[in-house]
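What follows is a single structure, written as structure tokens, with notes after it.
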Amino acid sequence: MRLNRFREKAMQGVFFLTAVTSIAAVVIICIFLFCNGVPAMAEIGFFDFVGGQKWAPTNVPASYGIFDMIIASIYVTAGAIIIGVPIGILTAVFLARFCPAPLYKVLKPATELLAGIPSIVYGFFGLMVVVPFIRDNFGGNGSSWLAASIVLGVMILPTIIGVSESAIKAVPESYYEGALALGATKERSVFKTILPASKSGVLAGVVLGIGRALGETMAVVLIAGNQVQIPHSVTDGLRTLTANIVLEMGYSTGLHRQALIATGVVLFVFVLLITLSMQAIKSRSEKRG
């Protein structure tokens, strides 16, 4: 008995230590970002930094406006959501409720394999396949908002599919059987009963996918064009916040480097706001339910 209690206490300590380590990592990252980024915002001017439309750190005097890149990040993420979220959710529904067992053994590993492909490989695929296709069929040089949205839409699929499928499968089978007993078709039972019941998990998958799209760097650097501007067409090039950081961090110094870290702070706040908004929507829907 004493040995069992000792083991239980030891495992509780291990679990507690791992939880504290995870929280500590997040806290340390936040401290680093805000301690290095907020002073830069104060020196540049918050509204000049967030609302400025000129990014010229090598000019005299230098300009550090990231508004165009904020809009570009929102555009690319929105495009990825439009492409990836419907495909991901419908694929998850198919895998969870409609897919034959032999086909499932092929499709499930294929969707999981998408998560293991490095982002640089996605970038090369976009550069060699998507960019020429857009250039030949839609005009422009191909490196564009549309190219980045397509590639990111594919990149977020495994996250949305995996989390959404698990959420759908977690719904009690009695929900489905009850809907069938009331006369609903199989498709109506799934989309009107099972899917709404799993909306919390599906929403979590969408949030994770949005975070992946908003934070992606290497693929976007290769195919987005890296032009600091607000795109007026899907074939226009753009530069996202993450791309700006990775392109210039290697040679930046002083206020320039601090401004790039401050860009990371803005990106962090965006992800936080998205997460909090999704949580608010989830809580409101649960109260109504």
Side-chain angles (χ1 to χ4, degrees), residues 15 19 22 74-117 119 122 146 148-216 234 270-289:
F15 295 146
S22 302
I74 294 173
Y75 280 9
V76 169
T77 304
I81 292 171
I82 292 171
I83 295 171
V85 170
I87 296 175
I89 294 176
L90 291 176
T91 302
V93 171
F94 176 73
L95 290 174
R97 306 300 309 187
F98 296 99
C99 186
L103 184 59
Y104 184 87
K105 294 179 180 179
V106 177
L107 288 182
K108 181 59 177 179
T111 57
E112 293 175 345
L113 181 62
L114 287 174
I117 299 176
S119 60
Y122 281 107
L146 179 60
S149 297
I150 292 173
V151 173
L152 288 182
V154 175
M155 292 180 70
I156 67 176
L157 284 178
T159 301
I160 297 175
I161 292 172
V163 177
S164 298
E165 183 191 358
S166 299
I168 293 169
K169 286 185 174 180
V171 176
E173 192 66 19
S174 58
Y175 284 41
Y176 177 70
E177 293 173 352
L180 291 178
L182 291 173
T185 62
K186 181 178 181 179
E187 292 77 13
R188 190 173 182 84
S189 299
V190 170
F191 285 99
K192 294 295 184 179
T193 304
I194 300 296
L195 195 58
S198 63
K199 60 186 175 183
S200 295
V202 173
L203 190 61
V206 172
V207 172
L208 291 174
I210 293 173
R212 173 74 190 276
L214 191 59
E216 179 53 43
V234 293
F270 270 157
V271 175
L272 181 62
L273 290 176
I274 290 171
T275 303
L276 293 177
S277 299
M278 291 298 183
Q279 287 292 336
I281 294 172
K282 175 183 172 182
S283 299
R284 182 176 298 179
S285 63
E286 287 178 350
K287 289 180 180 179
R288 290 178 178 177

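Just so you know, these numbers come straight off a predicted model, no measurement behind them.
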What is the distance from atom CG of Leu195 to atom OG of Ser189, rounded to the nearest 0.5 Å? 12.5 Å

List the steps and the verdict of side chain to side chain contact (heavy atoms under 4.5 Å, CB included) for Leu152 and Val76. CA-CA 8 Å; Leu152 288 182; Val76 169; 3.1 Å; yes

Under a 4.5 Å cut-off applied to non-hydrogen side-chain atoms, are Val163 and Leu208 in contact? yes

Under 3.5 Å donor-acceptor, Thr185 side chain and Arg188 backbone: yes

Rounded to the nearest 0.5 Å, the CE atom of Met155 sits from the OG atom of Ser119 at a distance of 5.0 Å

Does Glu112 pair with Lys105 as a salt bridge, N-O distance under 4.0 Å? no

Of all the heavy-atom pairs spanning Leu180 and Ala184, show the shortest one and how long it is. CD2-O, 3.4 Å

So Leu90 and Phe94, do their side chains get closer than 4.5 Å, heavy atoms only? no

Rounded to the nearest 0.5 Å, what's the gap from NZ on Lys186 to CD1 on Ile194? Could you check? 11.5 Å

Atom NZ in Lys108, atom OG1 in Thr91: separation rounded to 0.5 Å? 11.0 Å

Is there a side chain to side chain contact (heavy atoms under 4.5 Å, CB included) between Val93 and Phe98 once you walk through the steps? CA-CA 7 Å; Val93 171; Phe98 296 99; 3.7 Å; yes

Ile210 and Thr77: CA distance, side-chain angles, deciding distance, side chain to side chain contact (heavy atoms under 4.5 Å, CB included) verdict: CA-CA 7 Å; Ile210 293 173; Thr77 304; 3.9 Å; yes

Rounding to 0.5 Å, atoms CG (Leu214) and CD1 (Ile156) come to a distance of 11.0 Å

Close side-chain approach of Tyr122 to Leu114, heavy-atom, < 4.5 Å: yes

Got Val85 and Ile160 here, is their nearest side-chain heavy-atom distance under 4.5 Å? yes

Quick one: CG on Leu157 to CZ on Arg212, what's the gap to the nearest 0.5 Å? 10.5 Å

Which heavy atom in Ala96 sits nearest to a heavy atom in Ile168, and how many Å separate them? CB-CG2, 3.6 Å

Does any pair with a residue in residues 150-163 pass salt bridge (charged side-chain N to carboxylate O under 4.0 Å, His left out), and if so which ones, sequence neighbours excluded? none

Partners passing ring-ring contact (aromatic ring centres under 6.0 Å, His included) against Tyr75 (at least two apart in sequence or in another chain): Trp145

Do Ser164 and Val202 have side-chain heavy atoms sitting under 4.5 Å apart? yes

Quick one: do Ile83 and Ser149 satisfy side chain to side chain contact (heavy atoms under 4.5 Å, CB included)? Show the steps, please. CA-CA 8 Å; Ile83 295 171; Ser149 297; 4.3 Å; yes

